[in-house]
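Encoded as structure tokens, the structure appears first; notes follow it.
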4 protein chains.
Amino acid sequence: MKVGFVGLGNMGQPMARNLRAAGHELAVYNRTRAKAEPLRQQGARVADSPADAARGAEVVFSMLSDDAAVEEAVLGGSGLVAGLEKGALHVSSSTISVALSERLAEAHAKAGQRYVSAPVFGRPEAAEAKQLWVVAAGAKADVERCRPLLEALGRGLSVLGERASSANVVKLSGNFLIASMIEALGESFALARKSGVEPQVFLELFQSVFARSPIFERYAALIAHEQYEPAGFKLKLGLKDVRLVLEAAGAAEVPMPLASLLRDHYLGGVAQGRGDLDWSALGALAAERAGLGKK
Amino acid sequence: MKVGFVGLGNMGQPMARNLRAAGHELAVYNRTRAKAEPLRQQGARVADSPADAARGAEVVFSMLSDDAAVEEAVLGGSGLVAGLEKGALHVSSSTISVALSERLAEAHAKAGQRYVSAPVFGRPEAAEAKQLWVVAAGAKADVERCRPLLEALGRGLSVLGERASSANVVKLSGNFLIASMIEALGESFALARKSGVEPQVFLELFQSVFARSPIFERYAALIAHEQYEPAGFKLKLGLKDVRLVLEAAGAAEVPMPLASLLRDHYLGGVAQGRGDLDWSALGALAAERAGLGKK
Amino acid sequence: MKVGFVGLGNMGQPMARNLRAAGHELAVYNRTRAKAEPLRQQGARVADSPADAARGAEVVFSMLSDDAAVEEAVLGGSGLVAGLEKGALHVSSSTISVALSERLAEAHAKAGQRYVSAPVFGRPEAAEAKQLWVVAAGAKADVERCRPLLEALGRGLSVLGERASSANVVKLSGNFLIASMIEALGESFALARKSGVEPQVFLELFQSVFARSPIFERYAALIAHEQYEPAGFKLKLGLKDVRLVLEAAGAAEVPMPLASLLRDHYLGGVAQGRGDLDWSALGALAAERAGLGKK
Amino acid sequence: MKVGFVGLGNMGQPMARNLRAAGHELAVYNRTRAKAEPLRQQGARVADSPADAARGAEVVFSMLSDDAAVEEAVLGGSGLVAGLEKGALHVSSSTISVALSERLAEAHAKAGQRYVSAPVFGRPEAAEAKQLWVVAAGAKADVERCRPLLEALGRGLSVLGERASSANVVKLSGNFLIASMIEALGESFALARKSGVEPQVFLELFQSVFARSPIFERYAALIAHEQYEPAGFKLKLGLKDVRLVLEAAGAAEVPMPLASLLRDHYLGGVAQGRGDLDWSALGALAAERAGLGKK
């Protein structure tokens, strides 16, 4: 396939390389031209602008650092909307806002072009090793059309529905889950250290008990299915344990704002008569706060 | 070994059974006597009180629901402190407060008895299937003495230091990590649903990308080793992504208090000149809030 | 009246002095005896223990630093329960826990003694200047009996119901309101400073617009009467403004966790269809979280 | 003076009327023309667009509902930038974002026009009664020029510095302070109600003790001057009291997220060795989180 690639940073570079390695004809663009050199040596054409990279391409990827960069490269004077042929497809892999993804969808539609949102999970090493996980959303035919390309980037592909921006929601949610776990770990290690537990010991335990166990998976399933009864571990016991955490943290002088947040949510659950549901019913409380009806 | 077991609830029952199955001589006590019947049929002696269960035993386990129950069973009139012989060992497996664990350690020491704190990770099904993970702390000789018993309960054993209550800190931290992940999932699913992403699809993605990947493990290691440079993913990019989450959540009308908390921490990190560290440096911020010095 | 006074710290000292100045016969006790000297010179008897201070007294005040000190002085060996005559009255003015206040009520009742909880609002200077505000709760007859004494302490007295501990709830709530305002001010000043507004200018504005205006009073009335319609200022406009605060704070790199909390609550209100109520309907949301039914 | 006024909602209407009453010549514009009728009857000219309202005016006010409305009315095709004469002055009284205020400043400067940001504190009744408080910022000469007009709107005027958007920061901060107090009151009333204290009683107490006392003013001064020593009430005592609040709230099953936030901040203060400062040192913690150096 004739493929364009815009953005050769530490993610885009190895992604483009993998597309080239899969045998596709490549035109690449990067603001700092020097970064395009390695790909030129592998046979890629070096373009002068995003529009130039789009010249004659069936599919053009963009992989840039933020909303501003994507706006410029897509909607700017010599951007993809200006350069893509009618019917050609833009695959946006950057981590951008849901709002911008929706604006891109509109702009391409107006110009008679196609748009798939396909952000990726994984760090540069994963991109290098073809271990990214791709999440794609857009019109079914469009996703199918670029499927071979998406599969050339990583170890797996999840296809969501027709609304392109839903892939951005999912990507952002994924980063939110990671950051949440980091915060939880940060507070836990602070408590452990102030309680005299060696970080290394706590780490080994985390690795043994949690890291690759199906535990988080199981809770995700309970929330996805809104299956909070019968309780495996009751919400009121969750409250009890979080209270004990906060007591220990108070004694050791460790502020744990995430634990405080959990305490307030569990306490609200109990106050509202939900104490006998499973403690994963935090999911029900989150849904209700958002105005999603009780099941 | 001659072993006592106090508390035959849905955790204690299978734990006691596994000890019996491993060939130990068992005396059991439960407030509601009927629950002791299955174990009687497997050859256990049914005691009239915790103290009676401790009669002649080298080691007595307790597995009860909360601080109040443990206080009564250990420090009460016919409790373990009253019943254990000098030199005999109490293994406390209940999820109790750090403060109570410290009081138990003192009470046993005063009475010339030994004390190991050994809470467990796992639900009743795991107890049944000998799949618990045990975390033990106490004097080295004491832990060694009951090691065969602890190993008969589950799939793994982590031994912490001499301070018994550190096992309680770790157990509570573990439950805090799970509850944190539940909250993060709850908020994510609410956002996904209000953004038109099917919960089942989001679940499958979570299972593919996160559930058994080494991702959380890797972040735990960075925090344990306080290794926030060089950044794999910069803190200021973490801020960017959490902001995008909150923007999307604002547009979809989904309150995400955990995301707000993350935003404030990341923003503080940037304001304090830490934006180029790895985004796992939330761990550094948590440590500093707790008065733990910068490394 | 014959009055005892236990606890001559920087609050108790001027309070006792005011009782003496009002003409009452005084017996005082303080752990560090030297602090009793000024009152001895004004004619007070210096007692050897709380019980000794209670000897022959109709009413004994206690004003101590925390739960532990009060527990010792009231329930301890030579404490007030041991020393008060049947029918004599203990007025507890310390800022203590609701739970301890309830235990004191029980202990005195059991001993045939009377108990009024009467914490005070005001700093040492206010105590000195007879400008405290006293909040009293307990049996009506008991409160009436000590009313002249309570009125000798300050500029005002509020009488709550029969349940003594409700005065403690109110006192703690008052301190919570002050601390909340401090936090809000702290975050505001940080934002103002990082936005180039001189703290002194912001202070003067606060003094002009808020400090003694009826504004907070009016909102308190709306919440007390659960009168959220018609809206003076709509909840959805509250959301808009808090969002603008967070945007400005984001740009200036000022973490404002209280603003984040407000944003999440307002956003939840809008998501749940309450956007057209008055923005004081945060009070309705707080009540519902606590399981108090919708009006 | 020849004055234009754009936006005749429930705030703009009485503001324009007060300008007219002060004897100024008025041209008014409102999207829904019917709302201009009362002012027409008082002698105002009814304009067809913001630009038309600006025709021949020395000063034009705008008072609209949000950023979008202001953007349209100022930067739109027949907006103020298009209509104001060189040297004429736009006074923006709407509650808008800091970012938009800065864009307006730029746009007017580019067009050779003047710009003062002058948001107001007060509800429609206050506007009616000439009781608004106006906060103005902009070039000194410009503020002086419109001073008589600003003084005709309310009971007071605070003048900030040259940077127009600082008035918007201050206005938003003011609304943030009110919303914070509402949240604090909401949580307090929930606690009071669940503790059996009548809302009316709690309200009367609030009115007596807090509402018009100098208490909040005093704390604002401590924070403005960063004067956290000597402590009037120590931060560690603040921690104690907030802990007691949370204990009472836990027992009564009342989630109090703002109290949790305070607890974490106070606990961090103590952990970092600041326990002996005044409890208003929450202000110092907020400043440090924002990267403002320790004094």
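A, B, ... follow the sequence lines: proteins, then strands. Residue 1 opens every chain.
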Below 4.5 Å, heavy-atom pairs only: which of [options] has the largest tally toward chain B?
options	value
A/Leu172, A/Ile182, A/Asn175	A/Ile182
A/Ala284, A/Ala249, A/Gly232	A/Gly232
A/Ala287, A/Ala286, A/Gly196	A/Ala286
A/Gly161, A/Gly283, A/Ser180, A/Pro199	A/Ser180
A/Val170, A/Val98, A/Leu285	A/Val170
A/Leu237, A/Ile223, A/Val201	A/Ile223

Checking A/Ala251 against chain B: side chain, backbone, both or neither under 4.5 Å from a heavy atom? neither

Contact part of A/Leu100 toward chain B, heavy-atom cut-off under 4.5 Å: side chain, backbone, both or neither? neither

If you round to the nearest 0.5 Å, how far is [atom2] of [Y] from [atom1] of [X]?
X	Y	atom1	atom2	value
B/Leu222	A/Leu203	CG	CG	10.0 Å
A/Ile215	B/Phe121	CD1	CZ	8.5 Å
B/Phe206	A/Ser173	CZ	OG	11.5 Å
A/Leu244	B/Asp67	CG	CG	6.0 Å
B/Gln207	A/Phe216	CD	CZ	14.5 Å
A/Ser166	B/Phe202	OG	CZ	11.5 Å

Name the region of [X], side chain, backbone, both or neither, that has any atom closer than 4.5 Å to a heavy atom of chain A.
X	value
B/Val245	both
B/Ala259	both
B/Asp278	side chain
B/Ile178	both
B/Ser65	backbone
B/Arg243	neither
B/Phe233	both

Below 4.5 Å, heavy-atom pairs only: which of [options] has the largest tally toward chain A?
options	result
B/Glu204, B/Gln200, B/Glu198, B/Lys240	B/Lys240
B/Ala221, B/Ala252, B/Ser165	B/Ala221
B/Gly186, B/Ala224, B/Ala190	B/Ala224
B/Val159, B/Asn10, B/Asn168, B/Asp241	B/Asp241
B/Gly174, B/Ala248, B/Ala192, B/Gly291	B/Gly174
B/Val254, B/Leu261, B/Leu191	B/Leu261

Pairs touching residues 177-195 of chain A that satisfy salt bridge (Lys or Arg N to Asp or Glu O under 4.0 Å), sequence neighbours left out: A/Glu183-B/Arg289, A/Arg193-B/Glu226

Go through A/Ser188 and B/Leu177 one step at a time and tell me if the side-chain contact (heavy atoms from CB on, under 4.5 Å) criterion holds. CA-CA 8 Å; A/Ser188 296; B/Leu177 288 173; 3.5 Å; yes

side-chain contact (heavy atoms from CB on, under 4.5 Å) assessment of A/Met181 paired with B/Phe210: CA-CA 11 Å; A/Met181 184 44 79; B/Phe210 291 103; over 6 Å; no

Evaluate side-chain contact (heavy atoms from CB on, under 4.5 Å) for B/Phe176 paired with A/Leu258, printing each intermediate quantity in order. CA-CA 9 Å; B/Phe176 164 65; A/Leu258 176 43; 4.1 Å; yes

Who are the salt bridge (Lys or Arg N to Asp or Glu O under 4.0 Å) partners of A/Asp66, not counting sequence neighbours? none

Between A/Arg163 and B/Val197, does a side-chain contact (heavy atoms from CB on, under 4.5 Å) hold up when you go through it step by step? CA-CA 9 Å; A/Arg163 189 169 165 188; B/Val197 178; over 6 Å; no

Residues of residues 123-140 of chain B with a heavy atom under 4.5 Å from any heavy atom of chain A, in residue-number order, are B/Arg123, B/Trp133, B/Val135

Test side chain to side chain contact (heavy atoms under 4.5 Å, CB included) applied to A/Ala179 - qualifying residues, sequence neighbours left out: B/Leu262, B/Tyr266, B/Trp279

